[in-house]
Amino acid sequence: MGEANPHILLMPEAKNRKLCAICGKPVDEVFKPFCSKRCADVDLHRWLKGNYVIPGASAPREPEDEGE
Ligand SMILES: [Zn+2]
């Protein structure tokens, strides 16, 4: 049977070639796609911020105080 050669999936050259998107250091397998937990946290914070801040739209205000 001529199934796809699994060795093709192994790309040793691509391994360890990625760089941390935050600081540009080589990615650590443990923290990939980042080089360290710190950078992973940085990215996470960026992501969260981007989610909270909606460009072009002011923060939605809650309706006026509901009468107590
Ligand atoms: Zn980094």
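Just so you know, residue 1 is the first one in the sequence shown, and it goes up from there. Note that the coordinates shown come from a computational prediction; the quantities given were computed from them, not determined experimentally.
- Screening Val27, Val42, Asp43 for a side chain to side chain contact (heavy atoms under 4.5 Å, CB included) with Phe34, the sole residue that qualifies is Asp43.
- We find the SG-CZ distance between Cys20 and Phe31 to be 11.5 Å, quoted to the nearest 0.5 Å.
- Sequence neighbours left out, the pairs with a member in residues 31-40 that pass side chain to side chain donor-acceptor pair (under 3.5 Å) are Lys37-Asp41.
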